[in-house]
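In this text the structure is predicted, and so the values were computed from the model without any measurement. To find a chain, count down the sequence lines: A is the first, B the second, and so on, and within it residues start at 1.
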Amino acid sequence: MSGMKVSEPYARIYAVVKRIPAGRVATYGQVAALAGLAGAARQVGYALNATPRGIRIPWQRVVNAQGTVSRRADPDDEIRQRRLLEAEGVRFDPRGRIPLDRYRWKPRGTPRAEDDLF
DNA sequence: GCAATGACGCTCT
DNA sequence: CAGAGCGCCATTG
């Protein structure tokens, strides 16, 4: 076993990301809130970047609030993330954006904005 | 323990 | 609608 112990906040973040179904995406802020760390969106990205080797989580399903793949030090990772998502059926528009209205993950129990219209 | 870092978000221009 | 600026907060050196 690795001697690296994951901090509680990170463990909760990983737990939330693991729940995101294939073909859906969640924003950093959304994951933070669901992990009980509202306002700590940056830490989500930081945590994913520091994901220990060995544990596999669908990190590609986390995007920014604009529905785009966040800029990364290594541009190759941006391409890799986009391809993984497209392989799951997530469509990008011509400007490289994912329509969050359509692909955002809505956890069971979360009130939908559309329902307020009825 | 303080200062810098970072796969972010919201607001104002 | 795109870009710039400031705020946030856990982890690291």
Side-chain angles (χ1 to χ4, degrees):
Chain A
M1 319 302 266
S2 70
M4 175 65 186
K5 193 171 65 174
V6 182
S7 65
E8 276 176 45
Y10 279 23
R12 285 207 294 249
I13 289 171
Y14 297 144
V16 171
V17 175
K18 283 181 190 170
R19 292 173 48 203
I20 308 173
R24 299 254 121 168
V25 298
T27 65
Y28 293 95
Q30 185 183 356
V31 171
L34 289 171
L37 298 170
R42 305 192 66 145
Q43 279 54 253
V44 174
Y46 198 76
L48 291 178
N49 185 48
T51 301
R53 299 266 187 176
I55 81 171
R56 285 175 223 178
I57 60 178
W59 57 271
Q60 74 273 22
R61 294 171 195 157
V62 184
V63 298
N64 58 44
Q66 295 176 41
T68 66
V69 171
S70 291
R71 290 310 295 279
R72 204 85 180 310
D74 183 358
D76 232 33
D77 289 328
E78 298 172 27
I79 306 296
R80 194 162 13 250
Q81 179 170 10
R82 175 165 177 159
R83 285 188 175 165
L84 285 171
L85 288 174
E86 291 180 320
E88 297 180 354
V90 176
R91 299 290 208 67
F92 287 70
D93 68 13
R95 291 185 346 242
R97 289 184 10 186
I98 298 169
L100 293 180
D101 296 340
R102 180 175 172 184
Y103 294 102
R104 183 197 282 273
W105 172 47
K106 293 162 185 169
R108 205 158 145 54
T110 299
R112 304 188 195 185
E114 302 102 297
D115 294 340
D116 291 341
L117 300 176
F118 285 84

field: Side-chain touch Arg61(A)/Arg24(A), heavy atoms, less than 4.5 angstrom
entry: no

query: Tell me: CD of Glu8(A) to C1' of dT11(C), nearest whole Å?
result: 15 Å

message: From OH of Tyr10(A) over to P of dC9(C), roughly how many Å is that when rounded to an integer?
response: 15 Å

- request: Specify the separation, in whole Å, of atom CD of Gln30(A) and atom P of dA7(B).
  value: 20 Å

- prompt: Atom CG of Asn64(A) to atom P of dA7(B): distance rounded to whole Å?
  reply: 12 Å

- prompt: What nucleotide among dA2(C), dA7(B), dA10(C) has an atom nearest to a side-chain atom of Arg95(A)?
  reply: dA2(C)

query: Considering residues, nucleotides and ligands other than Glu86(A), do more than 12 of their heavy atoms fall under 6.0 Å from its CD?
result: yes

- line: So CG of Leu37(A) and CD of Gln43(A): to nearest 0.5 Å the spacing works out to 8.0 Å

message: Does a side-chain N or O of Ser7(A) approach OP1 or OP2 of dA10(C) to a distance below 4.0 Å, or not?
response: no

message: How many whole angstroms separate atom CD1 of Ile13(A) from atom P of dC8(C)?
response: 19 Å

query: Do the side chains of Ile57(A) and Tyr28(A) join up, straight or via other hydrophobic residues, at under 4.5 Å, putting them in one cluster?
result: yes

- prompt: Within this structure, what is the CZ-to-C1' distance between Arg12(A) and dC9(C), rounded to whole angstrom?
  reply: 14 Å

field: Distance, rounded to the nearest Å, where Trp59(A) contributes CH2 and dG6(B) contributes C1'
entry: 17 Å

- request: Please list, by residue number, the residues of residues 40-49 of chain A whose heavy atoms come closer than 4.0 Å to an atom of DNA chain C; answer none if no residue qualifies.
  value: Ala40(A), Arg42(A), Gln43(A), Tyr46(A)

- request: Please report, rounded to the nearest Å, how far the P atom of dG6(B) is from the CG atom of Asp77(A).
  value: 15 Å

query: Taking Tyr14(A) for the side chain and Ala47(A) for the main chain, is one N or O donor matched with an acceptor at less than 3.5 Å?
result: yes

- prompt: Between Ala50(A) and Arg97(A), which is nearer to the 5' end of DNA chain C once each is assigned its nearest nucleotide?
  reply: Arg97(A)

query: Heavy atoms, side chains only, cut-off 4.5 Å: are Val16(A) and Trp105(A) in contact?
result: yes

- prompt: Does any non-hydrogen side-chain atom of Gln81(A) lie less than 4.5 Å from one of Arg72(A)?
  reply: no

